[in-house]
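Down below is the structure, laid out as structure tokens.
All values derive from a computational prediction rather than experimental measurement. We count ligands from 1, going down the list as the structure has it; atoms in each ligand are counted the same way. Along the sequence shown, residues are numbered consecutively beginning with 1.
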Amino acid sequence: MTKRVAILISGGGSNMVSLVKDMQSGDHPATPVLVVSNVADAGGLQKAADLGVPTAVVDHKPFGKDREAFEAELTRVLEEAQPDIICCAGFMRILTEGFTSHWGGRMLNIHPSLLPKYKGLHTHQRALEAGDTEHGCSVHEVTAELDGGPILGQAKIAIEAGDTADTLASRLLTWEHKLYPAVLRRYAVGDRTTLFLG
Ligand code: GRF
């Protein structure tokens with residue numbers, strides 16, 4: 001049975017585009033059913049619409065500090081699409097345990113570091129400042145621990161002389177666009193073995 005995939009974004013949605021295009025390329029165990037953004041003018045919303053994927057906005061700002069109320073509305077919108085899998089793709093909201101337990105076991109995220117290193121923000125700068133010789137991205141299952149769930153895939157790149165956070169981010173993004181679709185194809189058929197690229 002084809003798995004129904006909802007994708008959460010907050011910005012440009014380049015990872016969302018890679019996931020959708022791979023699902024639309026034929027012979028794929030999953031199909032995109034909804035793209036939801038917490039940011040009303042996120043560039044990814046138009047990209048999703050252009051690809052024929054239904055979109056929705058659940059703006060977090062009207063909910064203020066009431067994370068639970070925001071997530072209740074987000075869950076209501078998601079449930080309407082009846083997703084089997086949720087992919088966080090540049091989704092910049094920290095999720096409460098209530099949300100991650102409700103959707104647990106069927107929610108993925110891509111994080112721009114070689115987890116468990118550099119959970120949280122500014123991963124490229126932190127790798128540079130640490131003098132690391134390699135960097136990468138990770139796809140993991142979402143649990144209550146921020147960027148802490150079981151790792152399903154990683155892609156590695158070398159940090160080159162003269163790299164800045166921007167050059168690193170840009171080079172890594174091309175690998176994110178390879179890794180996430182490859183992991184989703186496996187996840188959608190129940191394959192939880194860890195995939196390594198690069
Ligand atoms: C990417 O580096 C992703 O790893 C992080 O947000 C960045 C932008 O992602 N979560 P996208 O272009 O919005 O998919």
Side-chain angles (χ1 to χ4, degrees), residues 5-24 30 32 34-51 53 55-60 74 85-95 99-100 103 107-129 132 134-143 145-159 163-185 187 194-198:
V5 174
I7 304 172
L8 303 182
I9 67 169
S10 298
S14 70
N15 275 290
M16 174 274 297
V17 169
S18 299
L19 291 170
V20 168
K21 285 187 172 176
D22 190 48
M23 285 187 269
Q24 293 178 338
L34 182 65
V35 170
V36 189
S37 173
N38 66 300
V39 176
D41 60 352
L45 288 167
Q46 187 57 55
K47 294 173 190 170
D50 292 346
L51 290 167
V53 182
T55 62
V57 172
V58 181
D59 187 341
H60 63 278
L74 181 57
I85 298 169
I86 294 178
C87 290
C88 299
F91 186 63
M92 304 308 278
R93 298 296 297 169
I94 291 177
L95 297 165
F99 189 87
T100 57
W103 294 103
M107 186 158 58
L108 304 180
N109 182 45
I110 188 158
H111 181 75
S113 81
L114 291 173
L115 290 172
K117 292 180 81 170
Y118 311 130
K119 297 176 182 178
L121 298 174
H122 312 303
T123 61
H124 315 299
Q125 191 58 42
R126 290 158 69 191
L128 286 168
E129 288 170 358
D132 292 353
E134 60 183 22
H135 189 36
C137 54
S138 306
V139 175
H140 63 95
E141 285 201 81
V142 175
T143 62
E145 183 192 352
L146 177 68
D147 302 328
I151 294 171
L152 296 169
Q154 289 194 317
K156 273 186 186 177
I157 61 171
I159 294 180
D163 260 330
T164 65
D166 287 344
T167 61
L168 214 43
S170 173
R171 198 159 70 247
L172 186 61
L173 204 52
T174 58
W175 283 95
E176 294 181 35
H177 298 162
K178 296 183 179 87
L179 180 69
Y180 212 170
V183 170
L184 179 59
R185 278 180 176 268
Y187 194 79
T194 307
L195 172 66
F196 294 99
L197 301 179

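When atom types are taken as modelled, the side chain of Glu134 and the backbone of Leu114 share no donor-acceptor pair closer than 3.5 angstrom. Not a single donor-acceptor pair under 3.5 Å links the side chain of Thr55 to the backbone N or O of Leu45.
For Lys21, the NZ atom counts as loosely surrounded, since its 6.0 Å shell holds 12 or fewer non-hydrogen atoms of other residues, nucleotides or ligands.
Paired with His140 under the rule side-chain contact (heavy atoms from CB on, under 4.5 Å), one option of Thr194, Leu115, Leu152, Val183 passes, and it is Leu115.
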Full working for side chain to side chain contact (heavy atoms under 4.5 Å, CB included) between Asp132 and Tyr118: CA-CA 12 Å; Asp132 292 353; Tyr118 311 130; 2.6 Å; yes
Under 3.5 Å, N/O to N/O: give me all the pairs between ligand 1 and the protein, one per line with atom names and distance.
residue, atom, partner, partner atom, Å
ligand 1, 2 (O), Glu176, OE1, 3.4
ligand 1, 2 (O), Glu176, OE2, 3.1
ligand 1, 4 (O), Glu176, OE1, 2.7
ligand 1, 4 (O), Glu176, OE2, 3.4
ligand 1, 12 (O), Ser14, N, 3.1
ligand 1, 12 (O), Ser14, OG, 2.5
ligand 1, 13 (O), Gly13, N, 3.0
ligand 1, 14 (O), Ser14, N, 3.3
ligand 1, 14 (O), Asn15, N, 2.8
ligand 1, 14 (O), Asn15, ND2, 3.1

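Shown here for Ser18 and Pro181, the closest heavy-atom pair between the two residues is O-CG, 3.8 Å.
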